[in-house]
Amino acid sequence: MAETQAPEVLVFGSAIIDFICYTPRLPKPGETLHGHRFQTGYGGKGANQCVAAARQGSRTALVAKLGADTFGGDYLRQLIEEKVNVEHVQQLEGQTTGVAQIAVSDGGENNIIIVVGANSQLSSRDVTLAEVLFREAKVLVCQLETPVEATLTALKSFRGVSILNAAPAMENTPRELLRLASIFCVNESEAGLMTQMASIETVEEARTAVGQLIEMGANTVIITLGKLGAVFGSSDSKDVFHHVKAPHVPPEKVVDTTGAGDAFIGALAHNIARYPQNKLEAHIAAACAVASQSVQLPGTQASFPRA
Ligand code: RIB
């Protein structure tokens with residue numbers, strides 16, 4: 001029997017089924033709107049990031065929990081189809097697969113509610129069980145849709161480059177999470193919540209937020225800014241911040257931004273694992289290019305490009 005090759009990118013995190021309603025605009029509280037299209041999709045930030053890296057060409061492995069239901073079975077088959085190593089993706093009896101209710105406006109904006117179901121069972125024991133993957137992978141990717149204790153264990157156990165996508169944002173993110181990850185990555189609204197800055201809309205404001213997150217203990221911080229690209233900085237050279245521009249996408253071509261952040265993280269992990277000699281700036285530019293392709297197609301994983 002052929003031996004499984006070591007993964008380049010290991011993702012420890014969530015897998016969720018997305019229920020997406022496309023609507024002229026996002027509803028106001030208490031309002032019922034007529035949408036014009038409905039689509040189900042494979043989502044969850046963890047699995048999205050893993051599939052994004054796999055589509056760029058990385059050997060990937062996912063450690064995640066699904067329910068022992070139809071959604072879970074379908075999802076497992078889909079991950080195999082995407083060539084993800086699913087040795088440590090488990091379907092749990094008595095648990096339902098996580099679901100997300102997503103509204104996407106004609107302008108491409110979204111809002112998302114998640115009910116994580118089986119994802120809540122991902123634990124520190126799963127890090128131990130997947131010890132070989134943790135030892136062999138080059139890059140580890142985690143998010144915050146699964147229990148934080150398990151994420152802390154995962155980050156502590158890993159010796160390569162770890163990326164924490166601190167999403168969805170927590171107001172009181174444990175400082176240990178910031179300290180443990182080699183790269184701490186958030187979008188503008190998540191950075192706003194963590195730093196208590198009223199809004200982060202400009203490159204200048206993002207620079208201030210990067211500085212604050214470094215002060216809070218992070219090593220390298222990336223803040224993604226949608227069409228403005230990303231700003232990053234690192235604790236080694238405080239006060240030096242870099243701005244990487246995103247390729248221009250005309251507004252009429254932006255159809256769905258859901259999962260664009262995950263496309264960015266997956267592509268970032270792939271580039272770091274595959275081209276370790278390159279600078280972070282080059283990795284971020286490649287990740288921005290992948291994210292800007294994903295906003296031009298509907299769906300989450302359905303919109304991720306193949307290299
Ligand atoms: O980042 C987009 C993802 O967030 C969706 O796929 C949804 O499942 C939620 O996890």
Side-chain angles (χ1 to χ4, degrees), residues 11-23 26 38-55 62-67 69 71-72 74-76 78-79 82 84 89 95-105 108-122 141-148 151 163-170 185-191 193 222-226 230 254-269 287-288 290-305:
V11 178
F12 184 82
S14 57
I16 287 175
I17 295 285
D18 290 345
F19 294 88
I20 314 171
C21 288
Y22 292 90
T23 166
L26 297 180
F38 172 75
Q39 188 180 314
T40 57
Y42 296 102
K45 296 183 194 302
N48 288 348
Q49 294 165 8
C50 191
V51 167
R55 289 203 187 164
L62 178 65
V63 181
K65 302 287 185 201
L66 296 163
D69 49 18
F71 289 140
D74 290 347
Y75 210 143
L76 200 53
Q78 174 65 18
L79 290 166
E82 296 283 356
V84 172
V89 178
Q95 295 285 333
T96 53
T97 298
V99 292
Q101 180 185 295
I102 305 180
V104 179
S105 72
E109 280 181 321
N110 65 49
N111 57 31
I112 306 179
I113 300 171
I114 56 169
V115 178
V116 296
N119 291 287
S120 66
Q121 303 302 306
L122 193 69
V141 183
C142 303
Q143 329 70 35
L144 297 180
E145 289 181 327
T146 46
V148 172
T151 307
I163 303 175
L164 174 64
N165 175 216
M170 299 163 78
C185 183
V186 282
N187 67 20
E188 60 277 59
S189 69
E190 291 149 0
L193 194 81
I222 303 175
I223 297 182
T224 56
L225 295 167
V254 177
V255 296
D256 188 352
T257 57
T258 318
D262 300 331
F264 177 93
I265 298 278
L268 179 73
C288 282
V290 168
S292 66
Q293 278 179 274
S294 95
V295 301
Q296 299 180 57
L297 287 174
T300 42
Q301 289 176 26
S303 70
F304 296 169

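Each ligand, and each atom within it, is numbered from 1 in the order the structure gives. Any value given below was found using the heavy atoms of this structure, including those in side chains, with hydrogens, waters and symmetry copies removed.
Side-chain contact between Thr257 and Asn110 is present, with at least one heavy-atom pair separated by less than 4.5 Å.
Nearest heavy atoms, Cys185 versus Ile265: SG-CD1, 3.6 Å.
Side-chain atoms of Asn119 and Ser14 include no donor-acceptor pair closer than 3.5 Å.
To the nearest 0.5 angstrom, Phe264 atom CZ is 9.5 Å from Asn165 atom CG.
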Check: every ligand 1 N/O to protein N/O pair under 3.5 Å:
| unit_1 | atom_1 | unit_2 | atom_2 | d |
| --- | --- | --- | --- | --- |
| ligand 1 | 1 (O) | Lys45 | NZ | 2.8 |
| ligand 1 | 1 (O) | Asp262 | OD2 | 2.7 |
| ligand 1 | 4 (O) | Lys45 | NZ | 3.1 |
| ligand 1 | 6 (O) | Asp18 | OD1 | 3.3 |
| ligand 1 | 6 (O) | Asp18 | OD2 | 2.7 |
| ligand 1 | 6 (O) | Gly44 | N | 3.2 |
| ligand 1 | 6 (O) | Asn48 | ND2 | 3.0 |
| ligand 1 | 8 (O) | Asp18 | OD1 | 2.5 |
| ligand 1 | 8 (O) | Gly44 | N | 2.9 |
| ligand 1 | 10 (O) | Glu145 | OE1 | 3.2 |
| ligand 1 | 10 (O) | Glu145 | OE2 | 2.6 |

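Taking the six-membered ring where the residue is Trp, the centroids of Phe71 and Phe19 are separated by under 6.0 Å.
The ring pair (Phe, Tyr, Trp, His ring centres under 6.0 Å) test applied to Tyr22 returns no partner, not counting sequence neighbours.
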